[in-house]
Amino acid sequence: GESVGLHLPTLSVQEGDNSIINCAYSNSASDYFIWYKQESGKGPQFIIDIRSNMDKRQGQRVTVLLNKTVKHLSLQIAATQPGDSAVYFCAEILNDYKLSFGAGTTVTVRA
Amino acid sequence: DAGVIQSPRHEVTEMGQEVTLRCKPISGHNSLFWYRQTMMRGLELLIYFNNNVPIDDSGMPEDRFSAKMPNASFSTLKIQPSEPRDSAVYFCASTLSWGARDEKLFFGSGTQLSVL
């Protein structure tokens, strides 16, 4: 899940296993959500997005699930690879241009 | 395309000095964002431009911060005078058309600013 302040959640995953990263969002009126991946020394990179009229969306090796009842997002990564090691952020849209980013989850892939 | 280009990658300066961060968005993109990232506050939107016009600067922390976009291919973020609490990674991002809804934000690699 997400946390506040300095203590970022971490997830250690064995290479080849599936990863699940969780995120709680705050605004029940948000209708658009995005997952970003940030590798060390780089800017965030778009992974996948989902609108609130959907509860699941799939990409290449990634699936985002949206549960509006409990205001929860998750990102599933299939067959996790070393290149998946990064910080993952969920973001909810507050208006047409303003995103609110979560604190991030650090994913470490063990060889 | 080379993506969003930011310079410098690293900036170390002394308190009180002026700092100018630069950004070249992806060619053809109409929206430009400046974000700041710190451990304490995460990613925060500082200012948003659309078609070179500042639309929302409510995230700019103080009058010491200013941003300009003189043309579609260049933007600056200036801090004058800089303070140690401004130390952070500053990101520029751009999107193809209006805003962030249903748009991919393309981020630059950021400028790591350290104010001593």
Side-chain angles (χ1 to χ4, degrees), chain A residues 1-10 21 23-27 29-54 57 59-60 62 64 66 73 86-106, chain B residues 2-10 21 23-26 29-51 53-60 88-112:
Chain A
E2 296 287 326
S3 68
V4 177
L6 295 174
H7 303 287
L8 299 183
T10 60
I21 306 162
C23 174
Y25 63 93
S26 57
N27 185 359
S30 293
D31 62 357
Y32 180 65
F33 306 88
I34 313 114
W35 280 98
Y36 286 89
K37 171 188 180 182
Q38 187 175 20
E39 297 174 274
S40 181
K42 296 184 179 180
Q45 179 183 9
F46 175 96
I47 302 174
I48 192 167
D49 58 0
I50 189 168
R51 283 190 159 274
S52 60
N53 61 355
M54 304 172 72
R57 191 168 187 210
Q60 188 174 12
V62 295
V64 55
L66 174 62
L73 270 174
V87 180
Y88 289 81
F89 296 93
C90 66
E92 61 179 307
I93 199 159
L94 301 181
N95 60 29
D96 281 344
Y97 53 84
K98 186 172 287 186
L99 297 173
S100 174
F101 286 84
T105 296
T106 300
Chain B
V4 177
I5 299 173
Q6 292 187 246
S7 64
R9 285 299 309 272
H10 303 275
L21 312 181
C23 174
K24 177 178 169 32
I26 293 174
H29 280 196
N30 293 329
S31 288
L32 184 139
F33 307 75
W34 282 100
Y35 279 88
R36 180 172 66 177
Q37 186 175 40
T38 61
M39 281 296 293
M40 282 296 296
R41 300 174 68 89
L43 274 159
E44 303 173 279
L45 178 65
L46 299 178
I47 187 167
Y48 165 58
F49 290 88
N50 182 258
N51 288 326
V53 175
I55 302 300
D56 185 347
D57 65 354
S58 60
M60 297 286 261
V89 182
Y90 291 82
F91 288 104
C92 177
S94 69
T95 64
L96 184 61
S97 60
W98 172 264
R101 186 186 299 279
D102 296 319
E103 293 273 358
K104 289 185 181 181
L105 254 73
F106 291 86
F107 284 82
S109 294
T111 296
Q112 172 80 59

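This structure is a prediction, so every number in the text was calculated from the model and none was measured. Numbers restart at 1 for each chain; the letters A, B, ... are given by sequence-line order, proteins then strands.
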Participant: What distance separates Asp96(A) CG from Ile55(B) CD1, expressed to the nearest 0.5 Å?
Facilitator: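 Asp96(A) CG to Ile55(B) CD1: 11.0 Å, rounded to 0.5 Å.
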
Participant: Can you establish whether the number of heavy atoms outside Lys98(A) located under 6.0 Å from its atom NZ is more than 12?
Facilitator: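 Buried by this count: over 12 neighbours within 6.0 Å.
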
Participant: Would you give the length of the straight line joining atom NZ of Lys104(B) to atom CD1 of Ile34(A), rounded to the nearest 0.5 angstrom?
Facilitator: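 Lys104(B) NZ to Ile34(A) CD1: 12.0 Å, rounded to 0.5 Å.
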
Participant: For Leu105(B), which atoms come within 4.5 Å of any heavy atom of chain A: side chain, backbone, both, or neither?
Facilitator: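 It is both, since atoms from each part get that close.
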
Participant: With a 4.5 angstrom heavy-atom cut-off, which part of Ile93(A) approaches chain B: side chain, backbone, both or neither?
Facilitator: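 Ile93(A) touches chain B through side-chain heavy atoms alone.
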
Participant: Quick check for you: to the nearest 0.5 Å, what is the distance between Phe101(A) atom CZ and Tyr35(B) atom OH?
Facilitator: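 Between atom CZ of Phe101(A) and atom OH of Tyr35(B) there are 4.5 Å.
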
Participant: What part of Thr111(B) lies closer than 4.5 angstrom to a heavy atom of chain A: side chain, backbone, both or neither?
Facilitator: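 When you check distances to chain A, no heavy atom of Thr111(B) falls under 4.5 Å.
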
Participant: Let's test your reading of the structure: which of Gln37(B), Glu44(B), Arg41(B) forms the most heavy-atom pairs below 4.5 Å with chain A?
Facilitator: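 Max contact count across the listed options: Gln37(B).
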
Participant: Quick one: what part of Phe106(B) sits under 4.5 Å from any heavy atom of chain A, side chain, backbone, both or neither?
Facilitator: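 Contact with chain A is absent: no heavy atom of Phe106(B) under 4.5 Å.
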
Participant: Name the orientation class of the two ring planes belonging to Tyr97(A) and Tyr48(B) (parallel below 30°, tilted from 30 to 60°, perpendicular beyond 60°).
Facilitator: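 Answer is parallel, since the angle falls under 30°.
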
Participant: Without swapping roles, check the side chain of Tyr32(A) against the backbone of Asp102(B) for a donor-acceptor pair under 3.5 Å.
Facilitator: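 Checked: pair present.
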
Participant: At a 4.5 Å cut-off on heavy atoms, which part of Lys42(A) comes close to chain B: side chain, backbone, both, or neither?
Facilitator: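 The answer is the backbone of Lys42(A).
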
Participant: Between Gln38(A) and chain B, with a heavy-atom cut-off of 4.5 Å, which part of the residue counts as in contact: side chain, backbone, both or neither?
Facilitator: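 Side chain only.
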
Participant: Is any side-chain heavy atom of Pro44(A) closer than 4.5 Å to a side-chain heavy atom of Phe91(B)?
Facilitator: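 Yes - at least one pair of side-chain heavy atoms lies under 4.5 Å apart.
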
Participant: What pairs meet the salt bridge (charged side-chain N to carboxylate O under 4.0 Å, His left out) rule with one or both residues in residues 29-38 of chain A, with sequence neighbours excluded?
Facilitator: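 Residue pairs with at least one partner in residues 29-38 of chain A: Asp31(A)-Arg101(B).
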
